[in-house]
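Worksheet: the structure to be examined is printed underneath.
First the proteins, then the strands, lettered A, B, ... as listed; each starts at 1. Heavy atoms only: backbone and side chains are in, while hydrogens, waters and symmetry mates are out.
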Amino acid sequence: MNPLNPATEAAAATSAAPAPQSNFIRDIVVHDLEINKFGGKVQTRFPPEPNGYLHLGHAKAICLNFGLAAEFGGKTNLRFDDTNPEKEEQEYVDSIIRDVRWLGFDWEDRMFYASDYFDQLYAWAVQLIKADKAYVDDLSAEEIRKTRGTLTEPGQNSPYRHRSVEENLDLFERMRKGEFPNGSRTLRAKIDMASPNLNMRDPVMYRILHAEHHRTGNKWCIYPLYDFAHGQSDSLEKVTHSICTLEFEDHRPLYNWFIEQLGIFPSQQIEFDRLNLTYTLLSKRKLLQLVNEGHVRGWDDPRMPTLSGVRRRGYTPEALRNFCNSIGVSKTNGSIELAMLEHFLREDLNKRVPRVMAVLRPLKLVIDNYPEGQVEEMDAINNPEDASAGTRKVPFSRVLYIERDDFREIPPKQFYRISPGREVRLRYGYFVTCTNVVKDANGEVVEVHCTYDPATRGGNAPDGRKVKSTIHWASAAHAINAEVRVYDNLFLKEDPNDVEEGRDWTSNLNPNSLEVIRDAKLEPSLDKAASGARYQFERLGYFCVDPDTKPGALVFNRTVPLKDTWAKLEKRAA
RNA sequence: UGGGCGGUCGACUAAUGGUAGGUCAAGUGCCUUUGGAGCACUUUGUCUAGGUUCGAAUCCUAGCCGCCCAGCCA
């Protein structure tokens with residue numbers, strides 16, 4: 001068997017990925033190419049702030065940026081937008097690098113940091129001061145807020161707006177030298193305090209922050225804000241199409257204003273809709289809160305929508321890419337059903353992952369007429385979707401474990417599994433007919449007894465008789481024990497932010513998002529399963545080996561259950 | 001309320017003045033040694049009202065609804 005694990009992933013054949021469908025950004029690129037807008041070049045970038053772990057929303061942005069450039073022979077840079085030393089950390093940089101690589105993208109030698117450009121940005125600020133387009137303001141944060149105006153009223157000019165160029169130059173230089181405390185002064189662009197776009201009301205370009213930066217250390221005590229760093233960083237990297245999310249639409253006029261005033265390469269900002277997924281929160285701030293408040297075990301908790309979380313859960317990069325390429329890109333705010341993501345996950349796993357038998361909630365099945373002490377090695381197919389995956393042997397004996405759910409003393413309508421008097425097939429084993437059950441003092445069934453038909457070895461009856469269902473099993477004497485972590489949605493509501501007055505989104509957390517099963521019974525071929533290896537537990541779902549696994553103590557995560565027609569029928573009947 | 005941006009099957013997304021199509025979901029049937037997978041079929045849609053036009057999802061006008069913006073966050 002060749003279970004897929006992360007180590008061999010890069011070498012694994014990429015499943016037939018749907019070609020990214022047309023979208024409005026691609027159309028713009030095609031058009032720009034036609035009119036030779038950027039000399040026939042396409043340059044994009046993925047610009048995360050290293051203040052948290054990447055999540056599925058970032059996967060969409062990554063696929064879009066790298067996909068677009070690749071399609072048109074361009075390049076994509078990885079750039080860390082690290083202009084706020086108070087929130088950024090090396091740990092996050094490292095995780096981002098790991099995650100983008102894992103998703104399958106390569107920025108070659110083009111890994112940059114906004115902090116690489118601090119000297120240039122400073123020089124540009126000086127240039128704007130000299131052009132009387134920027135000034136040092138002594139107003140406090142509070143005062144700036146008060147004089148900014150409101151959505152309907154214009155703001156008022158700062159009393160410091162008309163300082164001389166010389167004084168501004170001097171003050172800005174002294175800000176840089178560290179002569180002033182945090183918050184005492186800012187550098188502001190001189191635009192228009194009456195603009196209907198609040199971003200144009202003399203936005204702050206630099207603030208004083210006596211804080212150590214994860215890369216520049218204590219070199220700086222003033223740091224540029226996003227608006228004074230992002231566009232120029234794009235420009236320096238000759239980014240042709242600067243793709244960002246919708247909330248930056250209002251910033252585009254400012255983005256363009258700085259580029260025009262500075263007379264630098266005119267990168268073009270294009271905004272698209274953020275990814276929203278049902279039953280999922282995609283906000284770094286809230287994910288951080290989940291981690292900090294201990295609602296999950298960490299950024300890579302398999303219930304987290306972070307890339308490290310879904311990786312640990314058993315998602316494949318291929319599934320994620322196929323999903324991202326299929327959901328489209330637009331400007332409408334919507335929410336994609338989680339079922340869509342899971343579809344692409346199952347589609348990929350189904351084709352590539354070996355099948356194996358595992359019993360999660362064991363119930364003893366005794367075959368009364370099977371010879372005591374006899375063991376047969378049954379042939380089992382590793383992957384019916386892939387003949388090259390071959391076969392394996394699975395030991396069969398008199399006492400087996402079956403799934404508790406596969407037995408009903410009184411079978412409901414349409415329940416085809418084991419119940420008294422009914423014949424079913426044990427996968428790769430024999431036909432067995434349930435004869436009676438043993439109950440404990442509480443009346444709970446603890447043992448199911450049956451007889452087998454020796455003529456049906458392997459699972460076929462020579463007389464051609466059919467059976468309604470096939471049951472998976474594990475030989476009691478040979479099964480290995482494992483812990484299995486079964487996950488459900490982290491949130492109870494489709495929209496986790498949908499809360500009644502006075503409550504917050506954490507009240508929508510699903511208290512049963514994790515169920516730990518400690519005594520699952522697995523077929524013995526799994527005893528050497530390596531961390532990260534993925535399997536389909538037949539009839540149950542896809543599972544992968546968690547890194548918590550220790551020698552002799554296997555731990556599996558349920559990646560996603562198989563579609564379950566019976567569960568659906570049962571639910572509908574209820 | 002000022003500004004910006006949106007509204008196409010249940011969800012997502014195409015159609016760029018000329019047959020409203022695809023994927024997911026849902027349903028029906030076939031097939032099946034996984035009630036898995038696969039195959040076939042089916043249901044449901046252009047926010048509203050006017051207008052332009054031979055012809056409008058697309059253009060115009062007026063509404064309605066939703067999202068974003070008042071950080072020295074990004």
Would you indicate, yes or no, if [N] has its OP1 or OP2 atom less than 4.0 angstrom from a side-chain nitrogen or oxygen of [X]?
{"X": "A:His343", "N": "B:C24", "value": "yes"}
{"X": "A:Lys568", "N": "B:A26", "value": "yes"}
{"X": "A:Arg148", "N": "B:G71", "value": "yes"}
{"X": "A:Thr83", "N": "B:C73", "value": "no"}
{"X": "A:Lys563", "N": "B:A37", "value": "yes"}
{"X": "A:Thr332", "N": "B:U13", "value": "yes"}
{"X": "A:Lys331", "N": "B:G7", "value": "no"}
{"X": "A:Arg572", "N": "B:A26", "value": "no"}
{"X": "A:Arg427", "N": "B:G36", "value": "no"}
{"X": "A:Arg539", "N": "B:G35", "value": "yes"}
{"X": "A:Arg274", "N": "B:A74", "value": "no"}

(request) For the residue pair A:Leu426 and A:Leu365, establish whether any side-chain heavy-atom pair is separated by less than 4.5 Å. (result)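 A:Leu426 vs A:Leu365: side chains touch.
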
(request) Find which nucleotide of RNA chain B each of A:Arg185 and A:Asn199 is nearest to by heavy atoms, and output the residue with the more 5' nucleotide. (result) A:Asn199

(message) Please compare A:Pro384 and A:Phe248 by the position of their nearest nucleotide in RNA chain B and report the one closer to 5'.
(response)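 Whichever sits nearer the 5' end wins; that is A:Pro384.
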
Say we look at [N] and [M]: how far apart would their [atom1] atoms be, to the nearest angstrom?
{"N": "B:C68", "M": "B:A25", "atom1": "C1'", "result": "30 Å"}
{"N": "B:U8", "M": "B:A20", "atom1": "C1'", "result": "8 Å"}
{"N": "B:A15", "M": "B:G22", "atom1": "P", "result": "15 Å"}
{"N": "B:U46", "M": "B:C69", "atom1": "P", "result": "32 Å"}
{"N": "B:C39", "M": "B:G6", "atom1": "P", "result": "38 Å"}
{"N": "B:G17", "M": "B:A56", "atom1": "P", "result": "14 Å"}
{"N": "B:A49", "M": "B:U58", "atom1": "P", "result": "13 Å"}
{"N": "B:C24", "M": "B:U43", "atom1": "C1'", "result": "15 Å"}

In whole Å, what is the span from the [atom1] atom of [X] to the [atom2] atom of [N]?
{"X": "A:Leu187", "N": "B:C72", "atom1": "CG", "atom2": "P", "value": "13 Å"}
{"X": "A:Lys286", "N": "B:A74", "atom1": "NZ", "atom2": "C1'", "value": "16 Å"}
{"X": "A:Gln156", "N": "B:A70", "atom1": "CD", "atom2": "C1'", "value": "13 Å"}
{"X": "A:Arg352", "N": "B:A37", "atom1": "CZ", "atom2": "C1'", "value": "16 Å"}
{"X": "A:Asp405", "N": "B:U34", "atom1": "CG", "atom2": "P", "value": "19 Å"}
{"X": "A:Glu337", "N": "B:C9", "atom1": "CD", "atom2": "C1'", "value": "12 Å"}
{"X": "A:Tyr206", "N": "B:C72", "atom1": "OH", "atom2": "C1'", "value": "14 Å"}
{"X": "A:Asn497", "N": "B:C68", "atom1": "CG", "atom2": "P", "value": "10 Å"}

(request) Take A:Phe537 and A:Tyr542 through the ring-ring contact (aromatic ring centres under 6.0 Å, His included) test and state the conclusion after the steps. (result) CA-CA 6 Å; A:Phe537 289 179; A:Tyr542 296 96; 9.8 Å; no

Could you check whether [X] gets within reach of a base, just the sugar-phosphate, or nothing at all, counting any heavy atom under 4.0 Å?
{"X": "A:Leu151", "value": "base"}
{"X": "A:Ala141", "value": "base"}
{"X": "A:Leu426", "value": "nothing"}
{"X": "A:Glu342", "value": "nothing"}
{"X": "A:Glu49", "value": "sugar-phosphate"}
{"X": "A:Phe228", "value": "nothing"}
{"X": "A:Tyr428", "value": "base"}
{"X": "A:Val467", "value": "nothing"}
{"X": "A:Thr565", "value": "sugar-phosphate"}
{"X": "A:Ile222", "value": "nothing"}
{"X": "A:Gly183", "value": "base"}
{"X": "A:Arg145", "value": "sugar-phosphate"}
{"X": "A:Ser335", "value": "sugar-phosphate"}
{"X": "A:Asp273", "value": "sugar-phosphate"}

(request) May I ask you to check if A:Arg417 and A:Phe407 form a cation-pi contact, with NZ or CZ under 6.0 angstrom from the six-membered ring centre and within 45° of the axis? (result)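 Relative to the ring axis of A:Phe407, which defines the angle, A:Arg417 lies outside at least one limit.
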
Partner nucleotide, any strand, of [N] [Watson-Crick/G-U, under 3.5 Å]:
{"N": "B:C5", "answer": "B:G66"}
{"N": "B:C31", "answer": "none"}
{"N": "B:U52", "answer": "none"}
{"N": "B:A57", "answer": "none"}
{"N": "B:G71", "answer": "none"}
{"N": "B:U44", "answer": "none"}
{"N": "B:C12", "answer": "B:G22"}

(request) Count the heavy atoms belonging to other residues, nucleotides or ligands that lie under 6.0 Å from NZ of A:Lys331, then report whether that count exceeds 12. (result) yes

(message) Tell me whether the rings of A:Trp220 and A:Phe118 are parallel (<30°), tilted (30 to 60°) or perpendicular (>60°).
(response)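 Perpendicular, since the angle between the ring planes exceeds 60°.
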
Is the [X] to [Y] ring centre distance short of 6.0 Å?
{"X": "A:Tyr135", "Y": "A:Phe172", "answer": "no"}
{"X": "A:Tyr226", "Y": "A:His230", "answer": "yes"}
{"X": "A:Phe543", "Y": "A:Tyr535", "answer": "no"}
{"X": "A:Trp566", "Y": "A:Phe415", "answer": "yes"}

(request) Would you classify B:G38 as syn or anti? Syn applies when the glycosidic angle is within 90° of 0. (result)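 B:G38: anti.
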
(message) For the residue pair A:Arg425 / A:Ser469, report whether a side-chain donor-acceptor contact shorter than 3.5 Å exists.
(response)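 Distance-only check fails for A:Ser469 and A:Arg425.
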
(message) I'd like to know if A:Asp250 reaches the base of B:G3 with its side chain, counting only an N/O donor and acceptor under 3.5 Å.
(response)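 Yes.
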
(message) On the side chain of A:Glu385, is there an atom forming a donor-acceptor pair with the base of B:G38 - under 3.5 Å, no angle test?
(response) no

